[in-house]
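First the structure, in the form of structure tokens, and then the observations on it.
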Amino acid sequence: MIDIRLAREDPEAVKTALARRGIDPAEVEALLRADAESRRLVGERDEGRARVKELSRQVGEARKAGESDRAAGLSTESRALGESLAALDTQAEAAQGDVRERLLWLPNLPDDEAPEGAAPEDNVEVRRWPAEPRVYAGHQRVPHWEVGAALGILDMERGAKLSGSMFPLFRGTGARLLRALTAFALDRHSDAFEEIRPPTIVRTETMVSTGHLPKFEEEAYHLERDDLWAIPTAEVPLTSMNRGEILDEADLPLRLTAATACFRREAGAAGRDTRGLLRVHEFDKVELFAYATRDQAPAVHADMVARVEALLQALDLEYRVLDLCTGDLGSSSARTFDLEVYAPGCDMWLEVSSVSWFRDYQARRANIRYRPEGGAPLFVDTLNGSALAWARIWAALVETYRRADGSLELPEVLAPYLGNRSVKPA
RNA sequence: GGAGGGAUGGCAGAGCGGACGAAUGCGAAGGUCUUGAAAACCUUUGGGACUCCGGUUCCCGUGGGUUCGAAUCCCACUCCCUCCGCCA
């Protein structure tokens with residue numbers, strides 16, 4: 001969440017920043033009114049409490065001095081005061097809850113550098129690799145769901161039999177390819193990132209910390225019986241790993257990586273991109289994650305983008321980097337670069353990574369701080385990026401690396417993980 | 001799933017319902033001493049909110065309750081440990 005103090009001190013700046021992503025300034029005004037009310041009530045209540053405490057202290061003194069009449073009188077007085085405070089206390093609690101609720105629903109302030117815009121069309125393409133657009137042959141113009149079915153490495157029908165549509169089932173070399181990609185990516189980042197294998201089913205509190213709840217409840221799978229949530233990304237457990245802790249500044253930037261399955265209901269996208277692996281309910285992904293100081297964050301962010309690009313280049317897939325405009329930015333993010341890979345078979349740019357800088361928006365929700373040299377604790381900045389989302393990479397690989405005879409010859413870098421780089425038609 | 005035990009500051013560990021945000025030890029920071037260091041000694045050493053910057057208030061796993069007053073008593077929940085059962 002954003003810093004309420006910033007909204008108090010410079011309401012116009014906050015309104016302007018949020019307006020860039022389409023938030024009505026009236027929401028900020030409502031927040032500030034709620035905040036003023038909350039502070040007034042809490043102040044009054046605390047004054048009352050101070051008097052009760054003082055009276056209670058005097059009761060003790062009177063008792064000790066053997067003045068039981070005086071003690072009884074003070075006791076009665078204190079009790080009456082305490083009772084009259086109950087309603088005020090309820091109001092103060094409610095007012096504080098109201099402020100917090102409003103803060104939880106408010107998105108992050110976009111970074112000044114984030115391009116202005118209302119919709120995905122306004123995202124700015126900052127880079128493309130290779131610089132010259134590639135030319136693809138006819139045999140590469142076959143969508144991956146056809147290639148996968150023909151080679152017996154993707155079985156969407158059986159996935160649907162087990163779990164419904166948009167739950168892919170990979171088999172044979174198709175399944176092994178996912179395992180290879182995960183090992184490959186994890187190995188490439190072991191120089192700076194500690195590998196984690198977190199739980200993929202988490203508490204409500206864990207989902208709230210990253211901003212996935214309460215706003216995006218519809219997007220997540222919920223296990224009602226145990227009130228647990230299936231994670232939509234490893235960002236969720238990784239962010240909360242140090243929830244409520246104060247980190248040593250010397251440990252920053254603290255970088256983590258994890259390979260997990262990710263679960264998404266895709267409730268808002270029903271009917272869109274439903275073919276093959278374009279949009280699925282469950283997919284594997286390697287995530288890069290970091291806690292950093294504000295000063296370190298830009299470099300960490302740039303490094304993550306560079307690492308993701310290096311993976312794509314190693315896989316030799318054509319891609320572009322988009323600087324997300326204010327209107328398309330994720331709710332918790334201040335600045336995001338999306339990486340989209342070109343899939344020649346379906347002739348689409350597929351988002352395979354989203355590298356975001358959240359400033360202290362998530363840390364504030366999750367209460368993650370660090371202690372600067374000799375100072376009071378500060379919230380950390382959190383950053384993360386996919387490296388990469390394998391279902392769509394799988395699709396792009398299968399289309400890009402299809403040969404004229406219908407077989408597949410996968411990239412050299414995967415050879416150590418894959419055993420056999422080529423897949424022949426059955 | 002069943003039976004017990006537990007949760008207090010960076011760590012360890014006290015804490016009779018009344019000056020307890022909390023003894024003591026360790027660790028850490030600063031200082032005295034020293035050529036330097038060690039030792040010794042002294043001082044400091046949790047976090048949040050509000051603030052008229054004097055203070056006020058909240059936090060002893062979490063949430064309720066009892067009481068004039070709760071770290072301390074009661075209830076529920078969560079987590080950890082031990083044992084039993086079950087299990088990949």
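To find a chain, count down the sequence lines: A is the first, B the second, and so on, and within it residues start at 1.
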Item to check | Side-chain heavy atoms of A:Arg392 within contact of A:Glu351, under 4.5 Å | outcome: yes
Item to check | Atom-pair distance (NZ on A:Lys64; C1' on B:A19), nearest Å | outcome: 8 Å
Next on the checklist: If I pick the P atom on B:G48 and the same atom on B:G69, what distance separates them, to the nearest angstrom?
Outcome noted: 29 Å
Item to check | Partner nucleotide, any strand, of B:G1 [Watson-Crick/G-U, under 3.5 Å] | outcome: B:C84
Checklist entry - How far, in whole Å, is B:G63 from B:G4 if one measures between their P atoms? => result 26 Å
Item to check | By side chain to side chain contact (heavy atoms under 4.5 Å, CB included) - contacts of A:Lys215 (at least two apart) | outcome: A:Trp105, A:Pro107, A:Ser331
Checklist outcome for this item: To the nearest angstrom, the CG-C1' distance between A:Asp248 and B:C11 comes to 13 Å
Item to check | Integer angstrom distance from the P of B:U43 to that of B:C80 | outcome: 42 Å
Next on the checklist: At less than 3.5 Å, do the side-chain atoms of A:Arg57 and the base atoms of B:G69 form a donor-acceptor pair?
Outcome noted: no
Checklist entry - Parallel, tilted or perpendicular: which fits the ring planes of A:Phe167 and A:Tyr221, with parallel below 30° and perpendicular above 60°? => result tilted
Checklist entry - Base, sugar-phosphate alone, or nothing: which one does A:Ser78 contact when heavy atoms must sit under 4.0 Å apart? => result sugar-phosphate
Checklist entry - Rounding to the closest angstrom, what is the interatomic distance between B:A88 and B:A7 at atom C1'? => result 31 Å
Checklist entry - Along nucleotides 74-81 of chain B, 5' to 3', which nucleotides get a B, which get an S, and which get a -, given that the test is a protein heavy-atom distance under 4.0 Å? => result ----SS--
Item to check | Under 4.0 angstrom between A:Arg79 side-chain N/O and B:G69 OP1 or OP2 | outcome: no
Item to check | Of A:Glu93 and A:Gly82, the one whose closest RNA chain B nucleotide lies more 5' | outcome: A:Glu93
Next on the checklist: Using side-chain heavy atoms (C-beta onward) and a distance below 4.5 Å, is A:Trp394 in contact with A:Leu178?
Outcome noted: yes
Checklist entry - Looking only at atom P, what distance separates B:U62 and B:U67, rounded to whole Å? => result 23 Å
Item to check | Rounded interatomic separation in angstrom, taking CZ from A:Arg243 and C1' from B:G61 | outcome: 13 Å
Next on the checklist: Syn or anti for B:G54, given that syn means the glycosidic angle lies within 90° of 0?
Outcome noted: syn
Checklist outcome for this item: As its Watson-Crick or G-U partner within any shown strand, both distances under 3.5 Å, B:A7 has B:U78
Item to check | Lys/Arg-Asp/Glu bridge criterion (N-O < 4.0 Å) met for A:Glu44, A:Arg40 | outcome: yes
Item to check | Pairing residues for A:Arg63 by the side-chain hydrogen bond (donor to acceptor under 3.5 Å, both in side chains) criterion, not counting sequence neighbours | outcome: none
Next on the checklist: Partner lookup for B:G69, please. Criteria are Watson-Crick or G-U wobble with both distances under 3.5 angstrom; report none if nothing qualifies.
Outcome noted: none
Checklist outcome for this item: Taken to the nearest whole Å, CG/A:Leu55 to P/B:U67 is 17 Å
Checklist entry - To the nearest angstrom, how far is A:Arg371 atom CZ from B:G9 atom P? => result 14 Å
Checklist entry - side-chain hydrogen bond (donor to acceptor under 3.5 Å, both in side chains): which pairs involve residues 379-389 of chain A, sequence neighbours left out? => result A:Glu235-A:Asn384, A:Arg294-A:Asp381, A:Trp357-A:Asp381, A:Gln362-A:Thr382
Checklist entry - B:G17 pairs with which nucleotide, Watson-Crick or G-U wobble, both distances below 3.5 Å? => result none
Item to check | Between C1' of B:G10 and CG of A:Leu247, the distance in whole Å | outcome: 13 Å
Checklist entry - For residues 157-170 of chain A, which residue pairs qualify under side-chain hydrogen bond (donor to acceptor under 3.5 Å, both in side chains), counting only residues two or more places apart or in two chains? => result A:Asp155-A:Arg158
Checklist entry - Which nucleotide, in any strand shown, forms a Watson-Crick or G-U wobble pair with B:A28, with both distances under 3.5 Å? => result B:U44
Next on the checklist: Taking B:A29 as the reference, what is the distance to B:G5 when you measure between their C1' atoms (whole Å, please)?
Outcome noted: 38 Å
Checklist entry - Among side-chain atoms of A:Asp251 and A:Tyr291, is any donor-acceptor pair under 3.5 angstrom? => result no
Item to check | Atom pair distance, as rounded to whole Å: CG in A:Leu81 and P in B:U67 | outcome: 16 Å
Item to check | Base B:A19 to side chain A:Glu61, donor-acceptor N/O within 3.5 Å cut-off | outcome: yes
Item to check | Heavy-atom check, side chain of A:Arg176 versus side chain of A:Leu418, under 4.5 Å | outcome: yes
Next on the checklist: Between A:Arg264 and A:Glu266 (salt bridge meaning N to carboxylate O under 4.0 Å), is one present in this structure?
Outcome noted: no
Next on the checklist: It should be established whether A:Arg369 places a side-chain nitrogen or oxygen under 4.0 Å from OP1 or OP2 of nucleotide B:G48.
Outcome noted: yes
Next on the checklist: Would you measure the distance from the P atom in B:A70 across to the matching atom in B:A19 and give it in whole Å?
Outcome noted: 12 Å
Checklist entry - Which nucleotides of nucleotides 49-59 of chain B have their base under 4.0 Å from a protein heavy atom (B), which only their sugar-phosphate (S), and which neither (-), written as one string 5' to 3'? => result SSS----SSS-
Item to check | Integer-rounded Å distance: B:G47 C1' and A:Ile246 CD1 | outcome: 6 Å
Item to check | Donor-acceptor side-chain pairing of A:Ser75 and A:Ser78 below 3.5 angstrom | outcome: no
Item to check | B:A14 versus B:G25 - spacing of their C1' atoms, nearest Å | outcome: 11 Å
